[in-house]
Amino acid sequence: MMNKQAGEGPAAVHARGLTVRRGTGRTPRTVIADIAFDVPRGRITGLLGPSGCGKSTLLRAIVGTQAHVTGTLDVLGRPAGHPDLRSRIGYVTQAPSVYDDLTVRQNLDYFAAILDPGRAAAARRADAVDRAITDVDLTARAGALAGNLSGGQRSRVSLAVALLGTPELLVLDEPTVGLDPVLRRDLWNLFHAIAATRGATILVSSHVMDEAERCHDLLLMREGRILAQDTPDALRARTHCATVEEGFLRLVDEADTLAAQEQTR
Amino acid sequence: MNAARTAATAARVLRQLRHDPRSIALMVLVPVLMLTLLRFVFDGSPRTFDSIGASLLGIFPLITMFLVTSIATLRERTSGTLERLLAMPLGKGDLIAGYALAFGAVAVVQSLLATGLALWALGLDVVGSPWLLLLVALLDALLGTALGLFVSAFAASEFQAVQFMPAVIFPQLLLCGLFAARSTMHPVLEGISDVLPMSYAVDGMTQVLTHTDMTADFVRDVVIVAACAVLVLALGAATLRRRTP
């Protein structure tokens with residue numbers, strides 16, 4: 001389970017000509033239009049862009065819970081949605097998806113039993129649950145009902161579920177929304193520790209641009225398209241900006257003027 | 001299907017229920033109270049209490065389990081836990097069987113109490129074996145679970161889910177032979193009642209009420225109710241989609 005050539009070898013996620021349409025009506029909306037990107041293994045890749053730009057849809061497509069996906073989308077060497085991938089990917093949805101009428105530990109016990117079923121695995125499961133609770137710093141609240149926790153604590157329970165079973169790829173949809181600065185820093189430290197010690201690939205979405213600085217690689221997204229894929233340093237250098245946020249805005253402006261020129265032509 | 005995952009799911013559903021003692025109390029006590037009420041409503045005509053009481057022993061578990069399951073699975077759909085579970089290596093059959101097992105266990109407790117009270121405290125006069133009453137009650141509970149699971153796919157909120165109760169259950173209640181013998185209904189209605197599963201649930205109860213042995217009709221009723229439950233459970237499984245549109 002140790003670091004498998006971080007950032008080398010085949011990409012954890014490989015997309016070419018990826019298009020996603022949503023809606024069941026007569027006119028399905030194209031939410032993601034013909035995009036291509038690679039998420040390198042063993043690194044933290046940030047998927048950044050404004051709300052409603054298609055981040056969650058893209059993450060669902062990678063996890064395999066999104067319908068109407070066309071083009072090439074390979075995850076850990078398999079087509080997205082392959083049954084073999086279900087135990088190899090940890091996924092945290094935007095809203096914390098845990099049972100409010102179970103305690104933190106009962107929630108984790110159940111999901112652990114789904115990932116690693118059987119009486120023979122009971123000891124291994126108990127260890128995994130303990131470790132996940134410690135990872136998200138909820139040991140003191142392990143016996144509390146999830147419904148009685150604060151918003152930040154509930155999203156950490158949701159994250160702990162995704163950490164069970166040591167997934168090779170962690171897909172996190174805005175895991176730090178609504179958290180206080182201290183907690184946000186702690187979570188980012190945890191993400192880095194997971195990537196470094198377990199060799200896991202982390203794909204994390206956010207609409208808060210200052211979080212971009214904490215990622216190894218960035219995918220900047222806008223209106224269903226990938227605006228740029230680069231490291232934070234390279235992006236700042238290329239756009240001659242001091243922060244990723246300014247760089248992103250400059251790329252948006254450039255794209256807009258380019259589109260306007262094409263229209264007037 | 002995986003037995004360990006099914007058992008884990010059933011245990012989880014029961015654990016959720018345990019944190020909600022008021023719901024358990026309502027599920028278990030309401031049928032008992034209603035039967036007691038009915039006994040004294042028909043104080044002057046114990047024969048009527050026999051026939052209606054026996055039918056209700058089958059109808060209570062169906063209605064309770066329908067309501068409980070439709071709300072529970074709707075919550076599972078809206079809270080995102082269903083999406084999470086289906087992104088994990090959990091079979092749809094495991095999830096559905098887990099729910100059926102957990103609510104089946106609650107139905108056993110509910111039916112034991114209601115049947116026991118009706119037979120020994122309220123003087124319900126049944127010719128056949130009480131175990132057969134219990135069997136029909138259990139199958140009815142399973143049918144209720146199946147129907148609840150199925151309709152929850154068409155409800156976007158708890159408001160809608162509760163409204164499905166009168167829409168799905170009431171017509172069956174009116175046509176099942178509880179209020180008027182099915183043979184005396186308008187022929188069209190009689191034809192409709194022939195294809196509604198609750199008619200057979202109530203008929204099965206009546207068979208136990210009036211016959212000492214298992215009759216051929218009783219076996220037919222039980223098989224039809226069980227088959228309907230399995231069919232609707234399978235339809236319910238088809239409504240659990242791994243992919244969001």
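By convention in this document, chain letters (A, B, ...) are assigned in the order of the sequence lines, proteins followed by strands, and residues within each chain are numbered from 1. No hydrogens, no waters, no symmetry mates; every other heavy atom, side chains included, goes into these values.
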Within 6.0 Å of [atom1] in [X], more than 12 heavy atoms from elsewhere:
{"X": "A:R225", "atom1": "CZ", "value": "no"}
{"X": "B:R75", "atom1": "CZ", "value": "no"}
{"X": "A:R22", "atom1": "CZ", "value": "yes"}
{"X": "B:R18", "atom1": "CZ", "value": "no"}

Determine the minimum heavy-atom distance between [X] and [Y], stating which atoms define it.
{"X": "B:M88", "Y": "A:R86", "answer": "O-CD, 3.2 Å"}
{"X": "B:A4", "Y": "A:G118", "answer": "CB-N, 3.5 Å"}
{"X": "B:L85", "Y": "A:I114", "answer": "CD2-CG1, 4.3 Å"}

Quiz item: Do A:S158 and B:R84 have a side chain donor and acceptor closer than 3.5 Å?
Solution: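 There is such a pair between these side chains.
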Quiz item: Side chains of B:S79 and A:Y99: is there a donor and an acceptor less than 3.5 Å apart?
Solution: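 No.
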Tell me, side chain or backbone of [X] under 4.5 Å from chain B's heavy atoms, or both, or neither?
{"X": "A:A61", "answer": "neither"}
{"X": "A:S87", "answer": "both"}
{"X": "A:V20", "answer": "neither"}
{"X": "A:L85", "answer": "neither"}
{"X": "A:Y110", "answer": "side chain"}

Quiz prompt | Separation of A:D101 CG from B:Q16 CD (nearest 0.5 Å) | solution =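 That separation rounds to 4.0 Å.
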Self-check item: Part of B:N2 lying under 4.5 Å from any heavy atom of chain A
Solution: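 It is the side chain, since no backbone atom gets that close.
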Can you find a pair of side-chain heavy atoms, one from [X] and one from [Y], that are under 4.5 Å apart?
{"X": "A:R60", "Y": "B:E83", "value": "yes"}
{"X": "A:D109", "Y": "B:R12", "value": "no"}
{"X": "B:P89", "Y": "A:L115", "value": "yes"}
{"X": "B:R15", "Y": "A:N107", "value": "no"}

Quiz item: Salt-bridged, B:R5 to A:D116, with N to O below 4.0 Å?
Solution: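 A:D116 and B:R5: not salt-bridged.
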Quiz item: With respect to chain A, which residue among B:L86, B:L17, B:T81 yields the maximal number of heavy-atom pairs within a distance under 4.5 Å?
Solution: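 It is B:T81.
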Quiz item: What residues of residues 90-99 of chain B sit under 4.5 Å from chain A when only non-hydrogen atoms are counted?
Solution: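 Hits under 4.5 Å: B:L90, B:L95.
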